[in-house]
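Scroll down for the structure; my scribbles are underneath it.
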Amino acid sequence: MAYRYRELLRDEGIDFYAPVPIAHTNIIYSRKLSSMGIDENGSVLILLLPYYFRGEERNISLYAVPRDYHIYFRYLGEKLSEALSTDFPGYIFRHAADNAPIDEVDAAVRAGLGMRGYNGLFISPIAGSYLFIGGIYTDMPSDMFGEFSPITDKKECIHCGACRRACPGNMSDKAVGCLSAITQKKGTLTAAEEELIKKNGSVWGCDICQSVCPYNKNIPDTRIAFFRESRTPCLTPDILDGMSDEEFAERAYSWRKRETVMRNARLMVGKEDENA
Ligand code: SF4
Ligand code: SF4
C-alpha cells in the first residue's frame, strides 16, 4: 500500500522515522498525553529531522543557524497529521517536539533509529547527531503504520571518549562548566566564563562534543529545505542590530533575549564594555 504520509516525509527530505507503542516509552507528562486523547494503547511515530549543513564559517551552534525548528515542526506536524488522517481515517493524530510527553531520545532508541551517545545526545548511525527529534502521537496501534526495519539494534555509542576529552568545559583549568550553557546564561558572566566564550569563539552554543564524534564523520547534508534556507551562521553586534524583532523572534536563541546574545557577540569583538 502506498501511504500518503510516507510520500510526504520523502518529499520533505525525512528518511528516518519509526513507530513505538506508547506502552514501551518512558512517559514524562501523562497529563499532556491524556489531554491529547491518547493513552497507553496508542503509539508515537518518532521522526528524525537532520539539520547538518557543511561549508560555512560560523560562530554559533549549527542548529541555531537556520530559523527555529519549532516553526518547521508546527508546519510539518499539521501536514503530516492531515496525511495520516487520510491514510488511517478515524484516528487521532497530534504532534509534539521538545516539550513532548515522553522521553523522545529513549523512544527513538527503542524504535531502532539510533543510540544514546556518551555525550548525552541521540546518534543515528547514518545521519549522526545533528538532528532534532519530533513525534506524532496517535490512538492507533503502532503496527498499523506499515512495515519498518530497525536501522540499528545498538543502544549505546562506542564510548570512545573523544567528546569528553575535547569538551572545553571539562578541559578548562577552572572547570567552569558547559560552554553551551554559559552562552545561554542571562546577566553578567564571571571572568572565567567570558574567557571560555572568547577562547572558543562561540556566540551561542557549542558543537565540540558533536564535531569530534566519529558518528558525525561523512554524514550527508540535510535534505530538509527549511534548514537549508534563511541561514545566519555568524552573529556580530552589527548583524544583531540589523535584525528586526520579527526576524530575531524566529531564531532559536531568541528565548534568551537579544541582550544575552549581544553580550556574547560583543565579547567576540572586544566591545564588552559598550552600552547596548
Ligand atoms: S565521541 Fe565517542 S564517546 Fe562521545 S558520543 Fe561519540 S562515539 Fe560516544
Ligand atoms: S556542548 Fe561543549 S562544553 Fe558542553 S559538554 Fe559538549 S563539548 Fe562540553
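Whatever order the structure lists them in is the order used to number ligands and atoms, beginning at 1. Bear in mind the structure is a predicted one, so any value in this text is a computation, not a measurement.
- Relative to the ring axis of Phe248, Arg258 places its NZ or CZ within 45° and under 6.0 Å from the centre.
- Close contacts between ligand 1 and Cys160 involve ligand atoms 1 (S), 2 (Fe), 3 (S), 7 (S) [criterion: under 4.0 Å to a heavy atom].
- Ion pairing between a basic and an acidic side chain is recognised when a charged N comes within 4.0 Å of a carboxylate O; Arg110 and Asp103 show no such pairing.
- Each of the atoms 3 (S), 5 (S), 7 (S), 8 (Fe) of ligand 1 lies under 4.0 Å from some heavy atom of Cys157.
- Atoms of ligand 1 found under 4.0 Å from any heavy atom of Asn119 (numbered from 1 in listed order, with element): 5 (S).
- Under a 4.0 Å criterion applied to the non-hydrogen atoms of Cys206, ligand 2 contributes the atoms 1 (S), 2 (Fe), 3 (S), 7 (S).
- Close approach of ligand 1 to Tyr215 (heavy-atom distance below 4.0 Å) involves ligand atoms 7 (S).
- Among the backbone and side-chain atoms of Cys163, none of the N, O or S atoms lies under 2.8 Å from atom 8 (Fe) of ligand 1.
- Per-residue contacts place Cys167 under 4.0 angstrom from the following atoms of ligand 2 (heavy atoms of the residue considered): 3 (S), 5 (S), 7 (S), 8 (Fe).
- The nearest non-hydrogen atom to atom 3 (S) of ligand 2, considering only Asn200, Leu179, Asp207, comes from Leu179.
- Taking a cutoff of 4.0 Å between a charged side-chain nitrogen and a carboxylate oxygen, Arg223 and Asp15 qualify as a salt bridge.
- Between Arg54 and Asp221 there is a salt bridge, with a side-chain nitrogen of the basic residue lying less than 4.0 Å from a carboxylate oxygen of the acidic one.
- Evaluated for a side chain to side chain contact (heavy atoms under 4.5 Å, CB included) with Ser180, the options Pro168, Cys209, Cys206 yield exactly one hit, Cys206.
- Near Ile158, with a cut-off below 4.0 Å to any heavy atom, the atoms of ligand 1 are 7 (S).
- Close contacts of ligand 1 with Cys213, meaning ligand atoms under 4.0 Å from a residue heavy atom, involve 1 (S), 6 (Fe), 7 (S).
- Taking the centre and axis of the six-membered ring of Phe53, the NZ or CZ atom of Arg228 falls outside the cone set by 45° and 6.0 Å.
- One of the N, O or S atoms belonging to Cys178 lies under 2.8 Å away from atom 4 (Fe) of ligand 2.
- Ligand-side atoms of ligand 2 in range of Cys209: 1 (S), 6 (Fe), 7 (S), range being under 4.0 angstrom from any heavy atom.
- The CZ atom of Phe132 lies 13.0 Å from the CG atom of Leu76; values are rounded to the nearest 0.5 Å.
- Ring geometry for Phe227 against Tyr51 counts as perpendicular: the plane angle is over 60°, on a 0 to 90° scale with 30° as the lower cut.
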